[in-house]
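Protein chains get the first letters and strands the later ones, always in sequence-line order, with residue 1 at the start of each.
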Amino acid sequence: MSAPGPVGEVAVAWRHDLGAAIVIDGGDGRFVDAAGAGATIGELERTCAPRWVWWSQDTARTFVSAGVRPARCWDVCAVHRLIEGGTRGGPGRAWAHAVGLDPDSAPRVEPLDLFSVADTDDRAGPLRADGHLRAEWAQGAWAATSDAMLEWARLAGAAAARQRDLLARGATGDPETGPVRWAAAGGDAAHRLLTARSESATVALCAELEHDGLPFDRGAAEGIVSGFVGDRPTGPDDERARLAELDRRVLDHLPAGADDDLRSPERVRSLLRRVGVEVPDTRAWRLEQVRDAHPVVGALIEWRRAERFRTTFGYPWIDDHVGVDGRLRGRWAPADGAAGRMTATAGLHNMPAELRPAIAAEAGHVLVRADLGQIEPRILAAVSGDAALAEATHALDMYAPVADRLRVGREVAKLAVLGAMYGATTGRGAEALRALERSYAVAMGHLRAADVAAQGGNDLRTHGGRRIPMSGALDGSAGDGAERSRAAARGRYGRNAVVQGAAAEFFKTWAALVRNRLAPGGARIVLCLHDELIVHTPRDDADVVAGLVVECLHEAGRRWCPPAPVEVRFVADVSVVDRWSEVG
DNA sequence: TGCGGCTATTG
DNA sequence: CACAATAGCCGCAG
C-alpha cells in the first residue's frame with residue numbers, strides 16, 4: 001500500500017456489511033469493499049497511526065471487532081455531548097450544532113402511520129437541501145453507494161473541524177442561552193482540545209471493554225450465589241418451591257398463617273407493626289437499628305440479601321452476561337449521566353463486593369489493580385487553583401494536613417471536605433465547614449460559585465468544557481415551599497458536578513494513556529470503575545504494567561492540571577493479584 | 001405497558 | 001446517609 005507522505009487525519013465511515021469509505025487529510029478519498037476494509041484500515045493504523053475521525057461509537061465497535069485498535073481518534077458525537085451537554089446527541093444533532101443550525105430542528109424519523117410513506121430512496125445522499133443530515137443516515141440506516149459513504153465520511157471530517165473551532169473559541173455556539181461562561185469554570189482552549197481527544201479515546205476504550213469483557217470464574221461465582229440462595233433450580237417448579245422456602249424463613253417468625261408479600265415495602269411495614277416494630281421505611285440501615293426488637297427483623301435482613309442475589313446477581317445474571325469464553329460483558333458508555341462519568345450495564349459498576357472473588361485472571365495472567373486515592377479533593381485543588389489545598393495533596397493522605405490546619409480529627413476533616421463537595425448542610429462535617437471556608441477559601445469559593453450558579457438555573461461547565469445543563473434539570477415534585485428545596489437541590493447537584501465531572505475527565509485522560517502504552521503488549525484494561533482501573537496482563541509483564549500505570553498517572557497529572565504555583569499530586573494504590581477480592 | 005417510588009449495590 | 005450511577009419489583013394510571 002502506498003501512503004502518500006505523512007498522514008494526519010483520516011475521516012472514516014465503515015460498516016462490516018457495506019465496506020469502508022476513507023478520506024485521508026481531506027483528499028479525494030477511496031472506497032474499500034467489505035472484504036478488504038479490515039486489512040486496509042489495519043495497515044493504515046500500523047503504518048501511520050492517524051487520528052481517525054468517525055461519527056459515533058458504532059464505528060469504534062466496527063474497528064474493534066475487525067481487530068483494529070486505533071491509537072488516536074475523534075468521535076464527533078462524543079465531542080458533541082461534551083460541548084452541548086446531556087446524553088441526547090446522535091449525528092443529526094451533532095452536525096446541526098457543529099455547523100450552526102438549530103439542533104432541535106434536526107430531522108428525526110417519525111413513526112410510520114397509515115398515511116406516511118417510508119423514505120426508502122437508496123440513492124438519497126446523507127445531506128438534505130436545508131443543510132441537515134437525513135434522518136435515516138443519522139440513525140445508522142445508511143443507504144450505501146460508495147459515493148454516498150465517501151460523502152458520509154467527509155461530513156464527519158467537516159463536523160470535527162467545526163468542533164475544533166468551537167472548542168478553540170470558548171465552547172459555546174448555543175443559540176438559546178448564548179455564552180454560558182461561568183466565572184470560575186473551565187480550562188483553556190488547549191485543555192478543551194485535550195479533553196475532546198481523551199473523551200474520544202474513551203469511546204474506543206468502551207468498544208474494547210465491550211469486546212474483551214471481564215475475566216470471570218463462573219464456578220467461583222456460582223459457589224458464591226449458592227451460598228445465598230442455594231443450588232441452581234432444576235426447573236420452574238423447583239424455583240417456586242425454593243422461593244417459598246426462602247420466604248418461609250421470614251414468615252415462620254410470625255404467628256401462623258402470615259402470608260405477607262415480602263417484596264412490598266408497605267406489607268413489610270405492616271408486618272413489622274404487627275410485632276410491635278414501627279419504622280418510617282424499611283431500608284436496611286433502619287432495620288439494622290431495630291434488629292434486636294424481634295427475631296423477624298434479622299431474618300428479613302438476611303432475606304433481602306438473598307433476594308438481591310436471586311433477582312439481580314444470581315444464576316440468570318451469570319447466564320445472561322458471561323460468555324462461553326468466561327468473560328463478563330456489558331454495554332459501556334463513555335460519558336453518560338450528568339457529569340460525564342463512564343457507565344456500564346450488566347452490574348459491572350455495582351456488583352456486590354462478595355462477588356469479587358469471581359473476577360479472576362486467566363491462566364498465566366494476573367490482574368493489576370490501580371485505585372486513585374482521594375481523587376475528588378485533589379481534582380478540586382487543581383481546578384480551583386487553591387494553593388493551600390494543592391499543598392495538602394502532597395501528602396499521601398491529604399486529609400491529614402487538612403485536619404492539622406483545621407485543628408480537628410481526620411474523620412471530621414474528611415467529612416467536611418466531602419460535605420463541601422456534596423453540599424451537606426448538617427452533620428458532624430458541617431461544623432468544620434466554617435473552618436474549611438477560612439483555610440481553603442479559594443476552593444470553597446469555587447464550589448460556592450457552582451452552587452449559586454446552579455441554584456439560579458444557569459448551565460455550568462466542567463474544567464474540560466463539558467456543559468452541565470441546568471435548565472429543566474431536577475424540576476421534581478411541586479408543593480408548598482418546594483421551590484426553595486429544589487433550588488437547594490440544584491445547588492448541591494452543581495457543586496458536585498463540577499468536581500465529579502472534572503474527576504471523570506481526569507480519569508479518562510489517565511485511562512487513555514494507559515490504553516495506548518499497553519497496546520503493544522498483551523495487557524488490556526478490562527474494567528474502569530470511576531477511580532479504579534483493572535488491567536489483565538500476562539503474569540511475566542505484571543511489574544512492568546504496574547510501573548507503567550503509575551507513570552501514566554504522573555503523565556496525566558502533568559498534562560491535565562492547569563499551571564499553578566503549587567503542583568497538585570495524584571496518588572494511586574497499585575497491586576498485582578489473581579482475584580479482584582485480594583488485597584495486594 | 002409505562003412510570004414513579006422503594007430498595008439495593010457501587011464509586 | 002449529601003453527589004452520581006444500574007437494576008429489580010410493586011403499585012397505580014391509562
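Across the protein-nucleic acid pair, A:N496 atom CG and C:dA5 atom P stand 10 Å apart, rounded to whole Å. In this structure, CH2 of A:W317 is placed 15 Å from P of B:dT9, rounded to the nearest angstrom. A:L262 has its CG atom 14 Å from the C1' atom of B:dT7, to the nearest Å. The distance between atom CZ of A:F309 and atom P of C:dA7, rounded to the nearest whole Å, is 16 Å. The separation between A:I318 atom CD1 and C:dA7 atom C1' is 16 Å, rounded to whole Å. The separation between A:H349 atom NE2 and B:dG11 atom P is 10 Å, rounded to whole Å. A:H321 places its NE2 atom 13 Å from the C1' atom of C:dG8, with the value rounded to the nearest Å. Residue A:D320 contributes atom CG, which lies 12 Å from atom P of C:dA7 at whole-angstrom precision.
In the model, A:R304 has a side-chain atom that pairs as donor or acceptor with a side-chain atom of A:T282 under 3.5 Å. Side-chain contact, A:E505 with A:T462: a donor N or O sits under 3.5 Å from an acceptor N or O.
Heavy atoms of A:A346 sit under 4.0 angstrom from primed sugar atoms or phosphate atoms, though from no base atom. Among the atoms of the strands shown, base atoms are found under 4.0 Å from some heavy atom of A:R308. Looking at heavy-atom distances under 4.0 Å, A:A339 makes no contact with the nucleic acid at all. Using a 4.0 Å heavy-atom cutoff across all strands shown, A:M421 reaches no nucleic acid atom at all. A:R269 comes within 4.0 angstrom of no nucleic acid atom, judged by non-hydrogen atoms across all strands. Residue A:A344 is classed as a sugar-phosphate contact, given heavy-atom separations below 4.0 Å to backbone atoms only. Among the heavy atoms of the strands lying under 4.0 Å from A:G337 are primed sugar atoms or P, OP1, OP2 only; no base atom is included. Among the atoms of the strands shown, none is found under 4.0 Å from any heavy atom of A:R495.
Among residues two or more places apart in sequence or in another chain, the ring pair (Phe, Tyr, Trp, His ring centres under 6.0 Å) test is passed with A:H253 by none. By the salt bridge (charged side-chain N to carboxylate O under 4.0 Å, His left out) test, A:R308 pairs with no residue at all, sequence neighbours left out. Shown here are the ring pair (Phe, Tyr, Trp, His ring centres under 6.0 Å) partners of A:F507, two or more places apart in sequence or in another chain: A:W510. With sequence neighbours left out, A:H530 forms a ring pair (Phe, Tyr, Trp, His ring centres under 6.0 Å) with A:H349. Partners of A:Y422 according to the ring pair (Phe, Tyr, Trp, His ring centres under 6.0 Å) rule, which considers only residues two or more places apart in sequence or in another chain, do not exist here. Evaluation of the side-chain contact (heavy atoms from CB on, under 4.5 Å) rule for A:A403 yields A:A413 as partners, not counting sequence neighbours. In terms of the salt bridge (charged side-chain N to carboxylate O under 4.0 Å, His left out) criterion, A:D292 has no residue partners (sequence neighbours excluded). Contacts of A:R378 classified as side chain to side chain donor-acceptor pair (under 3.5 Å), with partners at least two apart in sequence or in another chain: A:Q374.
Scanning residues 203-236 of chain A for heavy-atom distances under 4.0 Å to DNA chain B yields an empty list. Applying a 4.0 Å cut-off to non-hydrogen atoms, none of the residues of residues 270-298 of chain A approaches DNA chain C. For the contact set between residues 369-378 of chain A and DNA chain C, defined by any heavy atom under 4.0 Å, there are no members. Taking a 4.0 Å limit (strictly below) on heavy-atom distances, residues 507-515 of chain A does not reach DNA chain C anywhere.
Picking from B:dA8, C:dC9, C:dA2 the nucleotide with the shortest atom distance to the side chain of A:A424 gives C:dA2. Out of B:dC6, C:dG8, B:dG11, the shortest distance to the side chain of A:P265 is found at B:dC6. Between B:dT10, C:dA4, C:dC10, one nucleotide has an atom nearer to the side chain of A:R356 than all others, and that is B:dT10. In the set C:dC10, B:dA8, C:dA5, B:dA8 carries the atom at the smallest distance from any side-chain atom of A:R304. Here the side chain of A:R492 is nearest to one of C:dA4, C:dG8, C:dA2, namely C:dA2.
The pair A:R248-A:E245 counts as a salt bridge, with a side-chain nitrogen and a carboxylate oxygen less than 4.0 angstrom apart. A:E199 and A:R192 are not joined by a salt bridge, as no carboxylate oxygen comes within less than 4.0 angstrom of a charged side-chain nitrogen. Electrostatic pairing of A:R232 and A:D319 counts as a salt bridge here, judged by a charged N lying under 4.0 Å from a carboxylate O.
Aromatic pair A:F313/A:F228: ring centres not closer than 6.0 Å. Here the two rings, on A:W317 and A:F216, have centers that are under 6.0 Å apart.
The side chain of A:S264 contributes an N or O atom lying less than 4.0 Å from OP1 or OP2 of C:dG11. Between C:dA5 and A:R341, no contact under 4.0 Å exists linking OP1 or OP2 to a side-chain N or O.
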Legend entry - salt bridge (charged side-chain N to carboxylate O under 4.0 Å, His left out) evaluation trace for A:E208 with A:R515: CA-CA 10 Å; A:E208 292 166 4; A:R515 169 180 177 269; 2.7 Å; yes
